[in-house]
Amino acid sequence: MERIYIGMGSNLADPAEQLRSAVEALGHLPQTTLAGVSAFYQSDSLLPGQPRYTNAVAALDSLLAPLELLDALQAIENDQGRERLERWGPRTLDLDILLFGDRLIDEPRLKVPHYQIQERAFVLYPLAELAPQDLRLADGRSLPDLLAACPFVGLERLPHA
Ligand code: ROI
């Protein structure tokens, strides 16, 4: 059993509802328990000209292998109408494996820890709600250090739905 953190994001078709549906689907994954969900946060897109995003993080305990989990997450994205028109384009649902136990994964389809974790307040702050205070990533960086270097700017924490 490994603890896995999933970053969730949506900026189309009722984003909060997209995240609620995604959480429901994560709860039905085989050999997996949903261990927690952060609050939802809104923020402007990192790329101009897109609607605002709603983001959250979910914690899973799973026996799935990393690429099995990736396939399952992509199936959930597709079920929720994800169209891959352009990289970085607006999307109904994005599910990213942020951390997978204490594994370092460097495969063409999957890099863990997720390579942009440190730049993204909308990932780090919801992650900090669920993770142990002193969490250390597999690459040695600590969550407190990452938070200290990534100010809580432009994030709006939504009341729990
Ligand atoms: N911006 C925010 N705020 N949240 C996201 O999830 C997100 N995802 C993206 C880009 C377009 C980079 N910007 C984002 O892919």
Could you walk me through whether Arg109 and Asp71 pass the salt bridge (charged side-chain N to carboxylate O under 4.0 Å, His left out) check?
CA-CA 10 Å; Arg109 288 183 66 207; Asp71 286 337; 2.8 Å; yes
Please report the closest heavy-atom contact between Ala56 and Phe40, naming both atoms and the distance.
CB-CD1, 3.6 Å
Side chains of Leu67 and Ile105, heavy atoms from C-beta outward: is any pair under 4.5 Å?
no
Nearest 0.5 Å please: distance from the CG atom of Leu127 over to the CG atom of Leu137.
8.0 Å
State whether the number of non-hydrogen atoms from other residues, nucleotides or ligands found under 6.0 Å of Gln74 atom CD is greater than 12.
yes
Of all heavy-atom pairs between Pro15 and Thr54, which one has the smallest distance, and what is that distance?
CB-OG1, 3.5 Å
Is the closest side-chain heavy-atom distance between Leu19 and Val37 below 4.5 Å?
no
Is any side-chain heavy atom of Ile6 closer than 4.5 Å to a side-chain heavy atom of Leu69?
yes
Over all heavy atoms of both residues, which pair between Phe122 and Pro126 is shortest? Give the atoms and the distance, please.
O-CG, 3.0 Å
Taking the side chain as every heavy atom from C-beta outward, state whether Leu143 and Leu124 have any atom pair closer than 4.5 Å.
yes
Distance, nearest 0.5 Å, that separates OH of Tyr115 from CG of Asp139:
15.0 Å
Rounding to 0.5 Å, atoms CZ (Arg20) and OG (Ser10) come to a distance of 11.0 Å
Following the transitive rule for hydrophobic clusters with a side-chain heavy-atom cut-off under 4.5 Å over Ile, Leu, Val, Met, Phe, Trp and Tyr, establish whether Ile76 and Tyr5 coincide in one cluster.
no
Could you tell me whether Asp79 atom CG has more than 12 heavy atoms of other residues or ligands within 6.0 Å of it?
yes
Look at the side chain of Asn11 and the backbone N and O of Pro90, then say whether any donor-acceptor pair between them is shorter than 3.5 Å.
no
Do Leu93 and Leu70 land in one hydrophobic cluster if side-chain heavy atoms of ILVMFWY residues count as linked below 4.5 Å?
yes
Output for pair (Ser62 OG, Gln31 CD), nearest 0.5 Å, gives 7.0 Å
Looking at every heavy atom in both Ala138 and Pro113, which two are closest together, and how far apart are they?
N-CG, 4.3 Å
Got Val112 and Arg103 here, is their nearest side-chain heavy-atom distance under 4.5 Å?
no
Residue pair Thr32 / Asp61, side-chain heavy-atom distance below 4.5 Å:
no
Say whether, by atom type as modelled, one donor and one acceptor occur between the side chain of Asp106 and the main chain of Lys111 under 3.5 angstrom.
no
Val123, Met8: one ILVMFWY side-chain cluster at the under-4.5 Å cut-off?
no
N/O donor-acceptor pair under 3.5 Å between Thr33 side chain and Ala35 backbone
no
Note: Leu155 and Ser43 closest approach over all heavy atoms is CD2-CB, 3.8 Å
Drop me the distance from Leu12's CG to Gln18's CD, to the nearest 0.5 angstrom.
8.0 Å
Are Val57 and Glu129 packed together at the side-chain level, in the sense that at least one heavy-atom pair is separated by less than 4.5 angstrom?
no
Search all heavy atoms of Pro66 against all heavy atoms of Ile97 and return the closest pair with its distance.
O-CD1, 4.0 Å
So if you build clusters from Ile, Leu, Val, Met, Phe, Trp, Tyr with side-chain heavy-atom gaps below 4.5 Å, do Leu130 and Val23 land together?
no
Out of curiosity, does Ile117 fall in the hydrophobic cluster containing Phe152 (side-chain heavy atoms, cut-off under 4.5 Å, transitive links)?
yes
Please check this pair: side chain of Thr92 against backbone of Gln80, looking for a donor-acceptor N/O pair closer than 3.5 Å.
yes
Using a 3.5 Å distance criterion without hydrogens, assess whether the side chain of Glu77 forms a donor-acceptor pair with backbone atoms of Leu95.
yes
Separation of Leu29 CG from Leu64 CG (nearest 0.5 Å)
6.5 Å
